[in-house]
Structures are given as C-alpha cells and as structure tokens.
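I have placed the structure first, in the form of structure tokens, so that the comments after it can refer back to it.
Note that these values count all heavy atoms, side chains included, but never hydrogens, waters or copies made by symmetry. So you know, we letter chains A, B, ... as the sequences are listed, proteins then strands, and number each from 1.
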2 protein chains.
Amino acid sequence: MTPVNLKSLAKELNMSIATVSRALRDSHEVSEATKQRVRALAAARHYEPNAYASSLRRNISKTIGVVIPKVANHFFALAINGIEEAARQAGYHVLIYLTHDDYEREVSIVQHLKGGRVDGLLMSVASSTQDFAHLRGLKEANIPIVFFDRVCAEINTAKVTTNDYESGYQATEHLIRAGCRHIAHLLISNNLSIGQFRQQGYLDALMAHGHAPDPGLILHGVMDNEQNVALIRELLLRRPDIDGIFASVERLAISTYHVCKELGRRIPEDIKVIGFSNLEAAALLDPPLSTITQPAYDIGREAAKILLRAVEKKKAVLPGQSVVLESALFARRSTAG
Amino acid sequence: MTPVNLKSLAKELNMSIATVSRALRDSHEVSEATKQRVRALAAARHYEPNAYASSLRRNISKTIGVVIPKVANHFFALAINGIEEAARQAGYHVLIYLTHDDYEREVSIVQHLKGGRVDGLLMSVASSTQDFAHLRGLKEANIPIVFFDRVCAEINTAKVTTNDYESGYQATEHLIRAGCRHIAHLLISNNLSIGQFRQQGYLDALMAHGHAPDPGLILHGVMDNEQNVALIRELLLRRPDIDGIFASVERLAISTYHVCKELGRRIPEDIKVIGFSNLEAAALLDPPLSTITQPAYDIGREAAKILLRAVEKKKAVLPGQSVVLESALFARRSTAG
DNA sequence: CTGTTAGCGCGTTCAT
DNA sequence: ATGAACGCGCTAACAG
C-alpha cells in the first residue's frame with residue numbers, strides 16, 4: 001500500500017512536489033495543462049491532502065472547538081446544528097467537548113485546546129465555573145472565543161445570548177395577566193448570568209404590577225432531578241397559595257408537572273405554569289406547556305459566524321459586542337386564563 | 001509573544017530538544033532530576049504540545065469522527081454523549097459531521113476524512129444512501145469504521161444496533177393484546193435496515209396472531225413533516241377501521257397525535273398508539289405515549305469503545321461482529337386496554 | 001511557469 | 001543519560 005501524497009504524485013508525473021501542490025491548490029502560476037494532468041492523477045489515486053501536515057505548516061487548523069455542558073438537551077443540540085452548518089459552509093471542522101457542568105473538566109479541556117488544535121472556540125460555560133483564569137490564557141494562545149447562551153461577563157469578547165431579562169419579565173407578566181397572585185419562580189442555583197437575568201425580569205415584573213416579591217416563592221433547584229422533585233413538592237405543600245409558576249429551566253417545568261399530578265393540583269385551573277423550554281413536544285404535554293423558546297439554531301449559527309469571521313482575520317481578540325436574539329413566548333393551555 | 005514549544009523550553013533549560021521531549025513523555029531513559037526540571041518549566045510556561053506536529057510525526061491523530069444524519073434528535077444527542085464519554089476516557093477527540101440525510105454530503109464528508117484527519121469513524125448512514133463505494137475506500141485509508149443504529153449491511157465491519165425486529169414484534173403484539181384488530185404501521189420510506197427489521201417484526205407479529213397483513217395499513221412517510229401529517233390524516237379518513245398504530249419513528253408518532261386531535265379520534269379509546277421514541281417527556285404527553293426506547297447512550301458508548309479498541313491496535317478492518325443492545329418497551333395510557 | 005530549499009513542531013533514530 | 005540529525009507531508013520564499 002504505497003502512500004498517496006504529494007511526493008508520490010510528483011514522482012509519477014515527473015515533476016516537483018511544489019508544482020503538484022500548486023496545481024492542486026489552483027495557483028495562478030501554473031499552466032492549465034499541468035493542472036489538468038495533476039488533477040487527473042490525483043483523482044485517479046484518490047489523493048486527499050494530509051490535514052495535519054497542512055495545519056502544521058500554515059499554523060491553521062480549519063477547526064473550531066465547541067465546549068458545552070451537555071448535548072442531550074434540545075437547546076444545545078439545535079445550537080450544534082447551527083454551528084455545524086456555519087462551519088461546514090466556511091470549510092471548517094467541529095470538535096465537540098462536553099463539560100457536564102464540571103469546572104475541572106472545563107479547565108482541562110480549555111487548557112488542552114491551547115495547544116493549537118483549534119483556530120477558535122465556541123463556549124457555553126459550565127454552571128459550576130467561577131474562576132475564569134483558564135479562559136484568559138486563550139488570548140495569549142491566539143485563540144478567539146465567542147460565548148453563547150451561558151456567557152462569561154468577566155471576559156471581554158463577543159457574546160451571543162437571548163433576551164433573558166425581557167423573557168423573564170414577559171413570562172411573569174403573562175402569569176399576572178392570567179390572574180395569578182402568588183407566582184413562584186424556579187431556577188437552578190448557580191452563578192450563571194442567564195439565571196440572574198431571568199430572575200431579575202421576574203422580580204421587576206412583579207414590582208411593576210404591584211406584587212411584592214416574596215423570597216419564600218423562589219426555589220433554587222439543584223443538579224439532581226430527584227431532589228428537585230422533592231423540593232418542588234415541599235414548596236407546593238408549604239405554600240398552598242401558589243397559583244402560578246415560572247420555571248427558568250425546562251427540567252424544572254417538567255418536574256413541576258410531575259409534582260402537580262402527584263398532588264392533584266390541576267394545571268392550569270389551580271396553578272398556571274410557564275417555563276423556559278425548547279421541547280418540541282411541549283404543545284402535546286398534558287396540559288400543553290406554555291414556553292419561552294430560544295432560537296437555539298440561530299444562536300449557534302450566529303456565534304459560529306462571528307467566530308469564523310475573527311478566525312479568518314486572525315483576530316485573537318474580539319470586540320466585546322453582544323448579540324441578542326429574541327426568544328418567543330408560546331402561550332398554551334397551561335396558562336390559560 | 002514567544003512561542004512555547006520544545007525548542008523554547010530546551011533553550012531555557014540548556015538542554016536538547018530531544019531530552020525535553022523524552023522527559024515530557026516520561027521516557028525511562030532520562031534521569032528523574034531532569035524530568036522534574038523539565039516538567040516544572042513546562043507547567044510554568046503552560047506548555048501544550050502541538051497536536052498537529054505530533055499527529056504528523058506519529059501518524060496518529062487521537063481523534064475520531066462521528067458522522068450522523070442529525071443532532072437535534074434525542075437518540076443521536078444521547079449517542080454523542082456516550083461517544084464523547086468513551087473518547088474522553090481514552091484521550092481521544094471527537095469531530096462531528098452532520099449529513100442531514102443527504103447522500104452527497106455524506107460522500108463528501110467521508111471522502112475528506114480519508115485524508116487522515118481521524119483515526120477512526122463512527123457512523124449512522126444517511127437514509128438516502130444506497131451506494132457504498134465511498135465507505136469501501138476507508139479500508140485502504142487504514143481508517144476503521146463502526147456503524148451504529150443505521151448500519152450498512154454491505155460493509156463488513158463492526159455494528160452496534162438495537163433489537164429492531166424484536167421491538168417491532170413486541171410493539172405490535174402489545175397492540176394486539178390490547179385488543180386492536182386493524183393495526184397500521186407508519187415508517188419512513190427508505191432503504192435503511194432498521195426500518196425493514198421493524199416492519200418485519202410488525203408483519204410477523206400480525207401473522208403469528210392470525211392477523212392478515214394489509215398493505216393498505218402500511219404508510220410510508222417522507223422527510224417533510226407537513227406531508228406526513230397530510231398522509232396520516234388521509235390514512236385515518238380512508239380507513240376508519242384502524243384502531244391501533246405502530247409508528248416506527250418518533251416524529252410519525254407525534255404527528256399521529258396531532259392528526260388524532262384534529263380528527264377527534266380519541267387516544268387510546270378509539271386508537272391505541274405506540275411508537276419508537278427517545279423522547280424524555282413521552283410520559284407527559286396528552287395522553288402519554290407508549291414507546292419503544294433505545295439505549296442511545298449505551299449504543300454510542302459501546303460503538304466508540306469497539307472503535308477505539310481497533311484504533312489502538314491499528315486494525316483498519318474490524319471483524320464483522322454485531323453487537324445488539326435491547327430497547328425497552330414502556331406501555332403507557334396510549335395503549336391501555 | 002517550474003524547481004530547489006527551508007522549515008512548521010515533534011518523535012525517533014543513531015551516536016556518544 | 002543526553003545531543004545531533006533526520007523526516008513526517010506540506011507550503012512558502014526564492015531562484016531561474
């Protein structure tokens with residue numbers, strides 16, 4: 001099995017390696033006749049350039065890395081879809097890394113990536129991440145980074161998010177208008193900016209409509225879903241006055257459904273529910289779940305395009321622009337007045 | 001910004017590049033003292049080896065490619081999760097490529113990958129793929145491949161699937177036992193083996209219980225979901241005797257729900273439904289959807305492990321072993337007797 | 001237009 | 001136990 005590379009092609013064609021290389025890259029400084037011969041043989045031999053040799057020489061990998069907490073989550077799956085699309089169109093490859101929301105793993109991944117395996121990085125930070133030293137080093141490594149959805153405020157670079165504050169406000173206002181007087185807010189307890197924005201929207205909407213925020217109505221969920229179910233059950237039993245729930249995370253909305261069924265609390269008659277969710281089947285739930293749905297595909301695509309633009313220009317540092325795409329509110333029977 | 005590489009480290013330590021390289025690779029032919037010094041400086045300078053130089057030299061990329069139709073699908077998302085886990089544990093990187101069930105794209109991707117960018121390939125073939133020439137070339141390129149879920153029978157290599165025939169049989173039998181007399185089967189019309197296996201299970205189950213298979217009850221869906229809804233509507237109107245539906249694909253099951261609601265056909269009173277689905281929220285649908293659920297994470301993980309074992313052994317060709325994992329049937333209210 | 005030469009950063013000889 | 005030298009496959013600078 002003789003290897004098919006520039007050298008073997010050049011030998012068979014009786015020309016230099018450089019000429020073959022130029023011909024295949026369609027250089028203007030090579031005759032059309034030569035190009036034809038080279039291309040013909042390359043096709044016949046099924047020549048494929050060695051990506052690593054090329055990367056090493058040009059110091060460009062034509063690869064971007066995507067670091068996300070998880071992939072078994074409709075939001076991230078759709079985002080990857082958008083990222084892959086943008087990357088493919090630009091001739092880039094996509095490396096996937098999952099942090100599982102683990103800080104150590106995130107650090108390890110990012111550290112490794114500084115070795116030059118990727119030309120740029122797309123990232124949604126892990127919820128457990130608080131120290132961002134590992135991200136600062138990227139600038140020195142000449143690797144631009146674009147955050148999407150779960151951004152890191154401390155790093156000055158491009159960010160693509162959704163209008164989380166407004167969405168939280170709208171969701172809460174929607175419940176208020178549907179007649180809810182005691183609206184609980186379920187969120188995952190971490191230091192992610194999106195959670196904070198959504199919560200602030202919730203709080204401000206309450207205030208704007210003359211409802212006094214009640215700390216006892218805010219439930220901080222955890223990673224383990226079993227525990228969340230227990231926490232929600234406890235909350236609903238402790239506060240039977242709750243007549244509305246705004247879940248900041250899809251999983252908490254789903255768990256709310258389970259608990260309500262268990263406790264015999266009817267949705268939406270007893271409690272109205274709305275949640276952040278990208279669940280396709282939300283409309284088919286029993287009852288249908290009202291949702292705030294993020295344009296996940298567009299977020300991924302937009303973030304990738306911004307990154308690739310920077311990569312092409314060899315800009316290691318991106319301007320701290322913040323692109324905000326809008327989520328959509330789908331009111332369904334779960335919040336019917 | 002002086003680059004941090006073996007050369008710069010060697011210069012600063014007053015030793016040769018070779019020694020630094022050996023020390024970092026923990027070679028036994030270098031003194032412990034030297035190792036300490038090298039490692040200390042490498043850590044201080046945040047040295048990361050250049051993956052491409054290493055790959056070029058060793059002819060090993062420590063990277064596997066995953067080629068799948070889509071990622072915004074719970075099955076594939078979970079599979080990637082399993083793949084990434086196995087890869088990470090073995091120190092491998094994961095490149096993702098989406099075919100969108102397009103044959104041309106699949107060929108283009110596979111062709112490109114022959115350039116040596118990956119050490120191995122995991123693949124679920126596109127539904128439109130009929131010619132497998134592009135896959136045969138992989139053996140010459142020394143790239144082992146493992147198929148999962150959507151396998152290619154014509155290529156002799158390892159495959160990881162679920163027991164699709166048995167699942168189709170069980171699903172149908174479940175409907176029969178629930179009292180259904182006219183069971184329709186919805187599948188996506190393509191040449192994928194899984195669809196054929198599931199259909200055969202359906203047919204055999206009917207026969208085994210004395211039901212004569214009726215071609216008029218088998219609906220071949222298409223890619224476009226709008227059309228599927230129309231086709232299902234037409235089928236239910238044309239055959240009001242249908243009292244059971246076995247959907248071979250999640251999306252068709254969901255569409256069935258929509259059509260039934262539209263036509264006022266109650267589930268499960270009028271029609272009982274069961275479908276292949278990895279939808280987490282299936283239990284919360286209205287009414288709950290009975291499902292055949294594949295162990296997607298395990299499929300991905302298992303496939304990756306088999307591939308990585310071959311990669312480590314530099315085996316370009318894998319024995320044609322077929323690993324079959326079992327799906328689980330979750331009977332819910334949608335098929336209640 | 002084409003050939004020669006010189007690396008990219010690393011791992012592996014072969015010396016010593 | 002360490003260093004010098006070569007080459008993986010490719011691209012770019014410089015000749016001619």
Please write out each protein N/O paired with an N/O of nucleotides 11-15 of chain C under 3.5 Å, distance rounded to 0.1 Å.
| residue | atom | partner | partner atom | Å |
| --- | --- | --- | --- | --- |
| dG11(C) | OP1 | Arg25(B) | NE | 3.4 |
| dG11(C) | OP2 | Ser21(B) | OG | 3.2 |
| dG11(C) | N2 | Arg57(B) | NH2 | 3.1 |
| dG11(C) | N3 | Arg57(B) | NE | 3.0 |
| dG11(C) | N3 | Arg57(B) | NH2 | 3.2 |
| dT12(C) | O4' | Arg57(B) | NH2 | 3.0 |
| dT13(C) | O4 | Arg22(B) | NH1 | 3.3 |

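- For the 3.5 Å distance criterion, the side chains of Asp149(B) and Ser124(B) fail to qualify, holding no donor opposite an acceptor.
- Between Ser31(A) and dT2(C) there is a side-chain polar atom (N or O) within less than 4.0 angstrom of OP1 or OP2.
- Under 4.0 Å is where a charged nitrogen must lie from a carboxylate oxygen, and between Arg37(B) and Glu12(B) no such pair does.
- Across all strands, Ser55(A) comes closer than 4.0 Å to no nucleic acid atom at all (heavy-atom distances).
- Taking the six-membered ring where the residue is Trp, His93(A) and His112(B) present tilted rings, their angle falling between 30° and 60°.
- Contact annotation for Asn5(A): backbone-only contact, meaning every heavy-atom pair under 4.0 Å involves sugar-phosphate atoms and none involves a base.
- Rounded to a whole Å, the CD atom of Glu48(B) is 14 Å from the C1' atom of dG9(C).
- Taking every side-chain heavy atom of Val30(A) into account, dT2(C) is the closest of dC10(D), dC10(C), dT2(C).
- Look at NZ on Lys62(A): it is 16 Å from C1' on dC10(D), rounded to the nearest Å.
- Residues Glu85(A) and Lys305(A) are not paired through a salt bridge, judged by the lack of any N-O separation under 4.0 Å between the basic side chain and the carboxylate.
- When only modelled atom types and interatomic distance are considered, Thr63(B) and Arg117(A) share a side-chain donor-acceptor pair under 3.5 Å.
- If you take NZ of Lys7(B) and P of dA4(D), they are 13 Å apart, rounded to a whole angstrom.
- Atom CZ of Arg117(A) is separated from atom C1' of dG9(C) by 14 Å (rounded to the nearest Å).
- The distance from atom CG of Leu13(B) to atom P of dG3(D) is 10 Å, rounded to the nearest whole Å.
- Side-chain atoms of Asp119(B) and Ser61(B) include a donor-acceptor pair closer than 3.5 Å.
- For the OP1/OP2 pair of dT2(D) and a distance below 4.0 Å, the side-chain nitrogens and oxygens of Thr34(B) include at least one atom meeting the criterion.
- Close to dG3(C), at under 4.0 Å from its OP1 or OP2, lies a side-chain N or O of Ser16(A).
- Asn59(A) has its CG atom 22 Å from the P atom of dA6(C), to the nearest Å.
- At a threshold of 4.0 Å, the pair Arg136(A)-Asp131(A) does not count as salt-bridged, since none of the basic side-chain nitrogens sits closer than that to a carboxylate oxygen.
- For the pair Leu56(A) and His28(B), nearest-nucleotide mapping onto DNA chain D gives the more 5' position to His28(B).
- Counting to the nearest Å, the P atom of dG9(C) and the CG atom of Leu24(B) are 16 Å from each other.
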